[in-house]
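Just so it is clear: chains get the letters A, B, ... in the order the sequence lines come, proteins before strands, and each one is counted from 1. Nothing here was measured: the structure is a model prediction, and the numbers come from that model.
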There are 2 protein chains.
Amino acid sequence: MATGRTHRPATRSRGIPEATVARLPLYLRALTGLSERSVPTVSSEELAAAAGVNSAKLRKDFSYLGSYGTRGVGYDVEYLVYQISRELGLTQDWPIVMVGIGNLGAALANYGGFASRGFRVAALIDADPAMTGKSVAGMAVQHADDLEKIIDDNGVSIGVIATPAGAAQQVCDRLVAAGVTSILNFAPTVLSVPDGVDVRKVDLSIELQILAFHEQRKAGEGQDDTADEAGTETPAAAAKPARKGPDGDVPAVMQA
Amino acid sequence: MATGRTHRPATRSRGIPEATVARLPLYLRALTGLSERSVPTVSSEELAAAAGVNSAKLRKDFSYLGSYGTRGVGYDVEYLVYQISRELGLTQDWPIVMVGIGNLGAALANYGGFASRGFRVAALIDADPAMTGKSVAGMAVQHADDLEKIIDDNGVSIGVIATPAGAAQQVCDRLVAAGVTSILNFAPTVLSVPDGVDVRKVDLSIELQILAFHEQRKAGEGQDDTADEAGTETPAAAAKPARKGPDGDVPAVMQA
DNA sequence: ATGTCTTTGTGAACGCGTGCACAAAGATGG
DNA sequence: CCATCTTTGTGCACGCGTTCACAAAGACAT
Ligand SMILES: NC(=O)c1ccc[n+]([C@@H]2O[C@H](COP(=O)([O-])OP(=O)(O)OC[C@H]3O[C@@H](n4cnc5c(N)ncnc54)[C@H](O)[C@@H]3O)[C@@H](O)[C@H]2O)c1
Ligand SMILES: NC(=O)c1ccc[n+]([C@@H]2O[C@H](COP(=O)([O-])OP(=O)(O)OC[C@H]3O[C@@H](n4cnc5c(N)ncnc54)[C@H](O)[C@@H]3O)[C@@H](O)[C@H]2O)c1
């Protein structure tokens with residue numbers, strides 16, 4: 001999700017819906033698996049199952065790309081792999097920089113999963129002088145002072161931020177100023193970017209909180225509608241100012 | 001999103017929309033920041049800016065929780081922190097297990113960000129005997145053989161999978177069989193789970209591919225409106241001809 | 001050719017999410 | 001107590017995304 005103020009004015013590019021774009025990599029992964037097993041063709045039903053989506057949705061998604069199927073048969077696996085790759089822009093080389101080579105950054109650098117697709121780690125950057133020159137994933141970490149030059153020299157347009165939250169916005173600003181127009185942010189902060197720059201975020205903590213919500217709901221299912229269990233009524237913690245609210249802290253789960 | 005066959009039958013729990021739930025952690029983070037700076041109240045406009053969303057959306061989101069604001073003033077920060085925490089189920093303790101303590105798993109274990117909210121790492125589990133007993137993030141790694149016992153002993157209902165893709169489904173099955181009902185999956189695979197189990201996934205590679213798509217689009221912007229054949233350097237294989245393949249592959253395209 | 005069978009591609013209906021715009025609520029000042 | 005000003009809470013409209021259901025397209029057998 002593009003963070004920042006931008007409610008994208010729709011994918012105005014009269015083409016592929018955002019939701020579809022987000023699923024293409026999923027299809028691509030499933031297709032790659034089939035390709036490796038030398039499966040020649042696949043039906044929408046089979047592929048949908050492999051990708052974990054509804055088959056009608058898959059067909060509609062593909063219809064945005066063109067008519068690449070054959071009725072009565074299905075889709076040619078190799079051909080589809082190529083078409084989706086091209087649509088996603090994976091037939092070209094994408095040099096990326098990774099900023100903040102700490103625990104997470106180092107793990108990401110060691111991850112081979114994205115190097116396999118068009119992505120290539122052009123540089124690892126960290127602000128800690130002690131890190132500079134150290135080899136991570138077979139690559140020497142470079143100092144943040146050279147960030148602008150590195151981006152320029154390598155024609156980088158995609159950056160990954162794995163610094164502490166406090167440094168993220170600053171790093172982001174420098175990346176953008178240097179010409180980066182797509183950012184993947186692992187730091188738990190909202191990044192502000194100018195129009196034309198895409199930001200996507202990955203946040204473990206948020207994912208867990210969403211799971212916890214549903215988990216809590218499951219636990220309180222069946223009877224207790226007011227999702228309230230042992231000690232939810234945390235007494236003091238409420239810190240509820242004396243006014244509003246149906247006094248106490250009635251968990252008004254539902255309202256008119 | 002719940003992977004697998006289940007298209008969730010909507011958040012049938014007559015209550016908070018899924019999209020709203022996904023934003024609550026964002027609001028919570030912004031509010032926590034305000035709380036630490038001892039800001040007593042905040043308007044929807046200010047908070048929305050801090051969370052990177054539209055203020056109308058924020059107000060509507062909060063309206064699902066109840067009427068916790070004061071017109072003409074705004075929202076009481078502490079009170080709202082509590083309400084959202086409670087709604088997300090963060091007022092209780094959530095023991096979690098992490099399976100697959102490799103590069104990524106270790107980085108996640110070292111991450112303090114989720115330990116601060118109700119989450120507590122109950123155990124680190126790995127199948128590699130060489131890992132067993134090793135200390136990661138101040139905690140001894142336990143062997144996968146004991147997975148069921150660990151989950152049972154600690155009352156774990158949330159699991160994190162950071163194993164290689166090939167092992168993920170198997171690990172997932174064991175987690176579910178042992179009683180885990182929420183899974184956060186970092187392995188690039190679609191997990192099949194029975195109804196009632198939630199799966200969320202984090203996939204760096206997918207995020208980058210989505211960014212690449214938009215990046216490619218930006219590059220080809222300005223003129224060519226007919227977004228059929230973007231002038232990528234792909235020579236012949238543009239349309240439907242039987243020719244194909246970036247990496248010299250089997251053509252085999254009978255697609256007319 | 002012709003018929004049958006499979007599977008695509010898509011029109012249409014529906015539901016969810018978003019954002020606008022405004023009335024109502026309450027604070028604040030006189 | 002009344003007037004004014006601020007900000008919430010929400011009715012409403014709109015657009016996107018999902019799903020159903022089916023006609024059309026093609027493969028394949030006869
Ligand atoms: N580790 C995880 O599993 C995890 C999970 C989710 C989110 N996060 C987030 O990812 C970020 C990194 O986490 P981590 O555990 O790797 O932290 P870390 O402290 O191990 O690493 C941070 C690195 O960033 C570098 N750095 C700091 N300021 C910088 C700057 N201005 N420019 C360049 N480099 C800079 C530091 O030198 C350090 O090497 C944090 O924001 C964290 O909240 C981490
Ligand atoms: N490292 C990353 O940045 C990154 C990013 C995105 C996705 N991923 C994915 O996350 C997963 C882990 O990546 P990694 O780099 O940490 O790999 P890794 O090889 O370093 O670690 C995998 C760990 O899982 C353990 N393991 C294997 N089978 C197991 C089983 N059945 N039960 C328990 N443990 C088992 C291994 O012993 C190993 O310690 C992979 O699927 C990878 O594709 C990683």
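- Mapping A:A19 and A:R71 onto DNA chain D by nearest heavy atom places A:A19 at the nucleotide closer to the 5' end.
- Of the candidate nucleotides C:dA21, D:dC20, D:dC22, D:dC22 has the atom lying nearest to any side-chain atom of A:R59.
- Checked against salt bridge (charged side-chain N to carboxylate O under 4.0 Å, His left out), B:R29 has the following partners two or more places apart in sequence or in another chain: A:D203.
- Distance B:L65 CG to D:dT10 P: 12 Å, rounded to the nearest Å.
- Between A:L104 and B:L104, some side-chain heavy-atom pair lies under the 4.5 Å cut-off.
- When the side-chain nitrogen and oxygen atoms of A:Y75 are compared with OP1 and OP2 of C:dG9, one or more of them lie within a distance under 4.0 Å.
- When each of A:K60 and B:S43 is assigned the nucleotide of DNA chain D with its nearest heavy atom, B:S43 is the one assigned upstream, toward the 5' end.
- Here the P atom of nucleotide C:dG26 and the CG atom of B:D76 are 16 Å apart, to the nearest Å.
- The side-chain heavy atoms of B:L65 and B:L24, taken from C-beta on, include a pair separated by under 4.5 Å.
- Between B:V42 and B:L34, the shortest heavy-atom contact is CG2-CD1, 3.8 Å.
- If you measure from atom CG of B:L58 to atom P of D:dT7, you get 14 Å, rounded to the nearest angstrom.
- Rounded to a whole Å, the OH atom of A:Y64 is 12 Å from the C1' atom of C:dG11.
- Scored by the ring-ring contact (aromatic ring centres under 6.0 Å, His included) test, B:Y75 finds B:F62 as partners (sequence neighbours excluded).
- Phosphate proximity of C:dG19 to B:K57: present, with a side-chain N or O under 4.0 Å from OP1 or OP2.
- The nearest whole Å value for the distance from the CG atom in B:L47 to the P atom in D:dG9 is 12 Å.
- Each of B:V180, B:L175, B:V176 was compared with B:V197 under the side chain to side chain contact (heavy atoms under 4.5 Å, CB included) criterion, and only B:V176 meets it.
- Distance A:F62 CZ to C:dT7 P: 16 Å, rounded to the nearest Å.
- A:Y68 has its OH atom 19 Å from the C1' atom of C:dT7, to the nearest Å.
- Nearest heavy atoms, A:T189 versus A:A168: OG1-CB, 4.2 Å.
- Side-chain atoms of B:T70 lie closest to C:dA27 of the nucleotides C:dA27, C:dG19, D:dA27.
- Closest contact between the side chain of A:N54 and the listed nucleotides D:dG9, D:dC20, C:dG17 involves D:dC20.
- Using a 4.0 Å cut-off, some side-chain N or O of B:S44 falls inside it from OP1 or OP2 of D:dT8.
- Summarising the geometry, the separation between CG on A:D61 and P on C:dT8 is reported as 14 Å, rounded to the nearest angstrom.
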Given Watson-Crick or G-U pairs with both distances under 3.5 Å, what dot-bracket string fits DNA chain C, with | for other-strand pairs and [ ] for crossing? ||||||||||||||||||||||||||||||

